[in-house]
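A short write-up of the structure that comes next.
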Amino acid sequence: MAKSLSSLLFKGLAGLPATRTSRIVVPGFNYQHGMRYSTTVPNDPDTHDDFKPTNKLENSSLSLRDVVEQDVQQNPVMIYMKGVPDAPQCGFSSLAVRVLNLYNVPLSARNILEDAELKNAVKSFSNWPTFPQIFIKGEFIGGSDIILNLHQTGELKEKLNDIAANQKTE
């Protein structure tokens with residue numbers, strides 16, 4: 001009985017005409033899993049300038065390499081990472097932040113996922129292909145594996161000692 005019922009049901013479905021899903025194509029938008037994602041920057045005259053995306057370097061005379069160099073020189077601990085220290089977006093970046101946070105030092109960071117050109121400028125500056133990239137007192141240290149190794153051997157404490165001391169006196 002069950003076999004004949006399922007065969008009738010299958011034959012009934014097989015006899016129905018196939019339906020086509022009509023895919024709506026709208027320039028500037030991408031549809032995935034029923035969700036609409038914008039692929040362009042909106043040019044809506046009703047949008048206030050404060051809410052439009054900006055490129056702060058566009059009207060600046062600084063190149064991205066200059067920005068990276070300035071970041072590295074002006075920040076005692078600088079990390080270029082995927083995500084931000086409060087919300088890392090990869091395990092290696094998360095590990096690096098957790099290790100550095102053990103030393104209570106001020107941590108400056110840039111999210112390389114927000115700007116592919118910045119990502120390439122950092123790679124070029126350090127001659128290192130992977131992220132995160134950590135700089136301490138202007139010196140390129142390496143990534144999360146190197147920071148973890150330096151922490152385990154006690155060398156990281158030596159490198160960060162005066163930064164942590166300066167943080168306590170301020």
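Please read these numbers as outputs of a predicted model, since none were measured by experiment.
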Test: Lys137 and Asp162 ion pair at under 4.0 Å: yes

**Prompt:** Does one side chain, of Tyr80 or Asp71, offer a donor that lies under 3.5 Å from an acceptor on the other?
**Reply:** yes

Test your reading of the model: is there a side-chain donor-acceptor pair from Asp66 to the backbone of Ser63, 3.5 Å cut-off? yes

Show me the side-chain donor-acceptor pairs of residues 92-101 shorter than 3.5 Å, one per line, residues at least two apart or across chains.
residue: Ser93; atom: OG; partner: Lys82; partner atom: N; Å: 3.2
residue: Ser94; atom: OG; partner: Arg98; partner atom: NH1; Å: 3.4
residue: Asn101; atom: ND2; partner: Val97; partner atom: O; Å: 3.3

Would you say that Val67 contacts Arg110 through its side chain, given a criterion of any heavy-atom pair below 4.5 Å between the two side chains? yes

Rounded to the nearest 0.5 Å, the CD1 atom of Ile112 sits from the NZ atom of Lys123 at a distance of 7.5 Å

So CD of Gln89 and CE of Met81: to nearest 0.5 Å the spacing works out to 8.5 Å

When every non-hydrogen atom of Ala121 is compared with those of Leu64, the smallest separation belongs to CB-CB, 3.7 Å

Rounding to 0.5 Å, atoms NE2 (His151) and NZ (Lys159) come to a distance of 15.5 Å

Using a 3.5 Å cut-off and no angle test, enumerate the donor-acceptor pairs between side-chain atoms of residues 127-136 and protein atoms at least two apart in sequence or in another chain.
residue: Trp128; atom: NE1; partner: Thr130; partner atom: OG1; Å: 3.1
residue: Gln133; atom: OE1; partner: Ser126; partner atom: OG; Å: 2.6
residue: Gln133; atom: NE2; partner: Ser126; partner atom: OG; Å: 3.4
residue: Gln133; atom: NE2; partner: Trp128; partner atom: O; Å: 2.9
residue: Gln133; atom: NE2; partner: Thr130; partner atom: O; Å: 3.1

Sequence neighbours excluded, the answer for salt bridge (Lys or Arg N to Asp or Glu O under 4.0 Å) partners of Glu158 is none

Interatomic distance, CG@Asn161 vs NZ@Lys157, rounded to 0.5 Å, equals 6.5 Å

Heavy atoms of Pro76 and Ile163 approach each other most closely as CB-CD1, 3.7 Å

(message) What I'd like to find out is whether the side chain of Phe140 reaches to under 4.5 Å of the side chain of Val72, using heavy atoms alone.
(response) no

Rounded to the nearest 0.5 angstrom, the CD-CZ distance for Glu117 and Arg65 is 15.5 Å

Taken to the nearest 0.5 Å, the spacing of Leu160 CG from Asn104 CG works out to 10.5 Å

